[in-house]
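Starting off with a structure, shown below.
First the proteins, then the strands, lettered A, B, ... as listed; each starts at 1.
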2 protein chains.
Amino acid sequence: MDLPFDPVEEARRHWREHGWAEAADGMAAVTSVMRAHQLMQARVDEVLRPLGLTFARYELLMLLHFSSSGALPVTKASRRLQVHPTSVTNAVDRLEAAALVVRRPHPTDGRGTLIAITAAGRRLALTCTARLNDEVFSRPGLPPDQVEVLVEVVADLRERAGDFRTAERAG
Amino acid sequence: MDLPFDPVEEARRHWREHGWAEAADGMAAVTSVMRAHQLMQARVDEVLRPLGLTFARYELLMLLHFSSSGALPVTKASRRLQVHPTSVTNAVDRLEAAALVVRRPHPTDGRGTLIAITAAGRRLALTCTARLNDEVFSRPGLPPDQVEVLVEVVADLRERAGDFRTAERAG
DNA sequence: GACAGGTACGTGGACGTCCAGGTATCTTGG
DNA sequence: CCAAGATACCTGGACGTCCACGTACCTGTC
């Protein structure tokens, strides 16, 4: 399964040799992130599959669990999870079919729909969290200082991409 | 669109407050990588869409372009791109429909299929590379030293996950 | 107070990813 | 030489993501 060399480094070398040196590192960064995502997704889904969830649905469930009332409009969940609203609709469809959430009309906005977590949803979310903490999050595949480096550099990337505004240093 | 706070940090704080401190950083790392992937994918696909490609198909095209004979079996491409063989089959179906690659029987292995890049495939691959280099890879969204940090930490992660073996330091 | 523009969701479709299962072919052991 | 197992590839299906589009409903302006 594994290769005798690093395919990302191989591609970066190709880039440099073809006169694209100024883009080689960025290409390597993009390709690296793609593969890192794939690795993380596979580990998480392996844990969640026997529990009948996916990471996308788990994240939505946890967002609702942590919200003060246990219910959020689709748009708000979409912004918090930073995915397209239709992805939330998709996740809600499946979670609702499994009785882990219910849709309710928004009390004051006739256009809106509230997604509310059920007791079964909270139970499953906590079970999944325990398994994920144990089998993935507590052993992410890097030493602790490297994990922190990764989180910080990606935070920088996300902030520069406009994901969020830092409270301090308002300008 | 953007939030007044970093959702990853918010989640990490929740984890710590709920007694999951030892898993909080790993959770933050996984979530960060998921979002970084999404950002990269969106930037790349935005460039490639008008050219009629996706990143997955572009990567396959470049792999073939860089191969010595311009042709590879599906399994070999799958291993090099580190995706499931059926993902390659899917990409080849679409590339072949666009006349960017052709399928040929393997000359010595009756089970195998060779994917061969066409002249049109090479032309489009180079056009896409020029655009990607210009609009994404040369401006990945981080200062150069941070880009290198990101590539290195992910390389460490990938190697620990068994993606490849380093030639030096054989043990 | 009516109408224009914006907002909230949903539907249908395209695409990539993986898994499960099936067929053809190669390889290896008796 | 033949049977058993491995390998290469494809098909069909599940899932998540996004886009394009449509339909309600809210808001602000004249």
Side-chain angles (χ1 to χ4, degrees), chain A residues 1 34-61 71-79 81-98 101 103-115, chain B residues 1 34-61 71-79 81-98 101 103-115:
Chain A
M1 170 63 188
M34 298 289 188
R35 178 59 182 157
H37 162 260
Q38 191 182 21
L39 288 170
M40 304 283 203
Q41 185 84 44
R43 288 191 61 190
V44 166
D45 279 346
E46 183 183 2
V47 171
L48 258 28
R49 179 193 315 278
L51 296 164
L53 274 190
T54 63
F55 192 55
R57 281 177 257 166
Y58 166 76
E59 279 193 298
L60 177 52
L61 229 38
L72 290 174
V74 172
T75 305
K76 197 155 192 171
S78 163
R79 273 195 282 259
L81 298 173
Q82 304 188 98
V83 296
H84 198 278
T86 55
S87 297
V88 175
T89 296
N90 184 336
V92 172
D93 285 348
R94 300 174 198 283
L95 288 171
E96 191 169 32
V101 306
R103 264 187 249 249
R104 287 205 299 250
H106 193 291
T108 64
D109 187 337
R111 301 165 299 178
T113 302
L114 284 186
I115 318 159
Chain B
M1 170 62 188
M34 299 289 188
R35 177 58 182 158
H37 163 260
Q38 191 183 23
L39 288 169
M40 303 283 203
Q41 185 84 44
R43 286 191 62 191
V44 166
D45 278 346
E46 183 183 3
V47 171
L48 257 29
R49 179 193 316 276
L51 295 164
L53 275 190
T54 63
F55 192 55
R57 280 177 258 167
Y58 166 76
E59 277 193 300
L60 177 52
L61 229 38
L72 290 173
V74 172
T75 305
K76 197 155 192 171
S78 164
R79 272 195 283 261
L81 298 173
Q82 304 187 101
V83 296
H84 199 278
T86 54
S87 297
V88 175
T89 296
N90 185 334
V92 172
D93 286 348
R94 300 174 199 282
L95 288 171
E96 192 170 31
V101 305
R103 265 187 250 248
R104 286 204 300 248
H106 193 291
T108 66
D109 188 335
R111 300 164 298 179
T113 302
L114 284 186
I115 318 159

TODO: Figure out the CG/P separation between B:D45 and D:dC19, and round it to whole Å.
DONE: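 Taking CG of B:D45 and P of D:dC19, I get 10 Å after rounding.
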TODO: Scan residues 43-52 of chain B for pairs that pass salt bridge (Lys or Arg N to Asp or Glu O under 4.0 Å), counting only residues two or more places apart or in two chains.
DONE: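 Those involving residues 43-52 of chain B do not exist here.
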Task: Spacing between B:E96 atom CD and D:dC10 atom C1', to the nearest angstrom - done: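 Going from CD in B:E96 over to C1' in D:dC10 covers 13 Å.
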TODO: Do nucleotides 16-21 of chain C as a string where each nucleotide becomes B, S or -: B if the base has a protein heavy atom under 4.0 Å, S if just the sugar-phosphate does, - if no protein is that close.
DONE: BBBBB-
- [ ] Any salt bridge (Lys or Arg N to Asp or Glu O under 4.0 Å) involving residues 82-91 of chain A? Give me the pairs, sequence neighbours left out, ordered by first then second residue.
- [x]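 Those involving residues 82-91 of chain A do not exist here.
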Open item on the list: Taking the axis from the first five pairs and the axis from the last five, what angle separates them in the helix from C:dG1-D:dC30 to C:dG30-D:dC1, rounded to 10 degrees?
Closed with: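 Its terminal axes enclose an angle near 10°.
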TODO: Starting from P on D:dA14, measure out to CG on A:D93 and report it in whole angstrom.
DONE: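 Nearest whole value for this atom pair: 15 Å.
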- [ ] Take atom CG of B:L114 and atom C1' of D:dC10, then tell me their distance rounded to the nearest Å.
- [x]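 Interatomic distance, CG of B:L114 to C1' of D:dC10: 16 Å.
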Task: Heavy-atom check, side chain of B:Q41 versus side chain of A:M34, under 4.5 Å - done: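 Of all side-chain heavy-atom pairs linking A:M34 with B:Q41, at least one is under 4.5 Å.
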Open item on the list: If the condition is side chain to side chain donor-acceptor pair (under 3.5 Å), which residues does B:E96 pass it with, not counting sequence neighbours?
Closed with: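 If we apply the side chain to side chain donor-acceptor pair (under 3.5 Å) test to B:E96, skipping adjacent residues, the hits are B:R103.
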Task: Positive for side chain to side chain contact (heavy atoms under 4.5 Å, CB included) with A:I115, one of A:T89, A:L72, A:V101 - done: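 That would be A:V101; it is the only one of A:T89, A:L72, A:V101 passing the side chain to side chain contact (heavy atoms under 4.5 Å, CB included) with A:I115.
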Open item on the list: Measure CD/A:E46 against C1'/D:dC15 and give the value in whole Å, please.
Closed with: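 So the two atoms are 17 Å apart, to the nearest Å.
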Nucleotides 1-6 of chain C: which of its N/O atoms have a protein N/O under 3.5 Å away?
| unit_1 | atom_1 | unit_2 | atom_2 | d |
| --- | --- | --- | --- | --- |
| C:dG6 | N2 | A:R111 | NH1 | 3.3 |

Open item on the list: So A:D109, base contact, sugar-phosphate only, or nothing? Heavy-atom distance under 4.0 Å.
Closed with: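 The answer is sugar-phosphate, as A:D109 gets under 4.0 Å only of primed atoms, P, OP1 or OP2.
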- [ ] Using atom CG of A:L51 as one end and atom C1' of D:dC15 as the other, report the distance to the nearest whole Å.
- [x]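 One finds 17 Å between C1' of D:dC15 and CG of A:L51, rounded.
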